[in-house]
Amino acid sequence: MADHSNAGDRADDEGQPRPEQPGGNYTGAVYGSLLAASVVAGTATFGPFPRVGLVLLLLVTGLVFWAAHVYARLVGDLASYRHLTWAMVRRVARDEWPIVQAAASPAVAVAVSPLLGLGLAGTAWFALSVAVAEQIGWASTAAIRAGASLRLVVISGAVNLVLGLIIVVAKAQLH
């Protein structure tokens with residue numbers, strides 16, 4: 001199998017060359033934003049989380065899911081076992097990194113929340129809002145970069161808003 005580690009010559013999960021996506025991997029960013037929103041919403045079942053604990057939970061969860069996605073992509077196709085190289089591992093790890101990056105903004109929101117005078121409950125809502133806004137932004141940006149019509153961009157944003165609102169409702173019900 002050829003080494004597809006060059007930025008302009010990416011490979012899909014089957015090792016076939018695919019064109020470079022303009023602007024990056026939005027799939028991982030949208031997924032990571034949903035994950036971060038879910039983490040914040042899920043903490044409501046345990047009561048208020050200390051800020052440092054929530055920041056760590058967001059970042060560690062992002063890292064764990066990133067590692068799981070890297071592993072799943074590398075071993076999901078049995079042919080990968082025969083042709084696994086460090087270049088492939090690095091490429092897949094880099095491709096999945098937006099999952100971790102998406103956890104950073106909600107973590108920063110938690111970290112700066114005391115500067116905004118927010119209590120723990122307000123911090124959770126602020127971080128959740130950031131994660132949902134980020135999710136909508138990544139999905140809309142992906143649609144725009146893919147050359148989608150304005151109608152499809154709006155639909156993409158609306159679908160992600162609904163997904164985010166489902167998480168918000170879940171948080172409100174758990175609280």
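Reckoned from all heavy atoms, side chains included, excluding hydrogens, waters and symmetry mates. Only a predicted model underlies this, so the values are computations on that prediction, with no experimental measurement involved. Throughout, numbering of the chain's residues begins at 1 and tracks the sequence.
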K.L.:
Can you give me every donor-acceptor pair (side chain of residues 114-123, partner residue at least two apart or in another chain, under 3.5 Å) with its distance?
P.N.:
from	atom 1	to	atom 2	distance (Å)
T123	OG1	R51	NE	3.4
T123	OG1	R51	NH2	3.3
T123	OG1	S113	OG	2.8
T123	OG1	G119	O	2.8

K.L.:
Within the 4.5 Å heavy-atom criterion, are Y26 and P98 side-chain neighbours or not?
P.N.:
no
K.L.:
Mind listing the closest non-hydrogen atom pair of E134 and Q101 along with its distance?
P.N.:
OE2-O, 4.5 Å
K.L.:
Return the orientation label for the W97 and W66 ring planes: parallel under 30°, perpendicular over 60°, tilted otherwise.
P.N.:
perpendicular
K.L.:
Is it the case that one hydrophobic cluster holds both F126 and V55, taking links as side-chain heavy atoms less than 4.5 Å apart, direct or via other members?
P.N.:
no
K.L.:
Is V132 linked to L57 within one hydrophobic cluster, defined over Ile, Leu, Val, Met, Phe, Trp and Tyr using a side-chain heavy-atom separation of less than 4.5 Å?
P.N.:
yes
K.L.:
Check whether L54 and V52 end up in the same hydrophobic cluster, where Ile, Leu, Val, Met, Phe, Trp and Tyr are linked by side-chain heavy atoms less than 4.5 Å apart.
P.N.:
no
K.L.:
Between T43 and V40, is there a donor-acceptor pair closer than 3.5 Å when you use the side chain of the first and the backbone of the second?
P.N.:
yes
K.L.:
As a test of understanding, state which of V108, V110, L35 forms a side-chain contact (heavy atoms from CB on, under 4.5 Å) with L58.
P.N.:
V110
K.L.:
Are any non-hydrogen side-chain atoms of D95 and R73 less than 4.5 angstrom apart?
P.N.:
yes
K.L.:
Counting only pairs under 3.5 Å, give me each side-chain donor-acceptor contact of residues 151-168, with atom names and distances, residues two or more places apart or in other chains.
P.N.:
from	atom 1	to	atom 2	distance (Å)
S156	OG	A139	O	3.4
N160	OD1	Q135	NE2	3.2
N160	ND2	S156	O	2.9

K.L.:
Please check if L34 and V130 belong to a single hydrophobic cluster, counting links between Ile, Leu, Val, Met, Phe, Trp and Tyr side chain heavy atoms closer than 4.5 Å.
P.N.:
no
K.L.:
Any chance CZ of F65 has more than 12 other-residue heavy atoms, nucleotides or ligands included, within less than 6.0 Å?
P.N.:
no
K.L.:
I need the minimum non-hydrogen distance between A102 and S33, along with the two atoms involved.
P.N.:
CB-N, 3.4 Å
K.L.:
Look up atom CH2 in W138 and atom CZ in R145, then write down how far apart they are to the nearest 0.5 Å.
P.N.:
8.5 Å
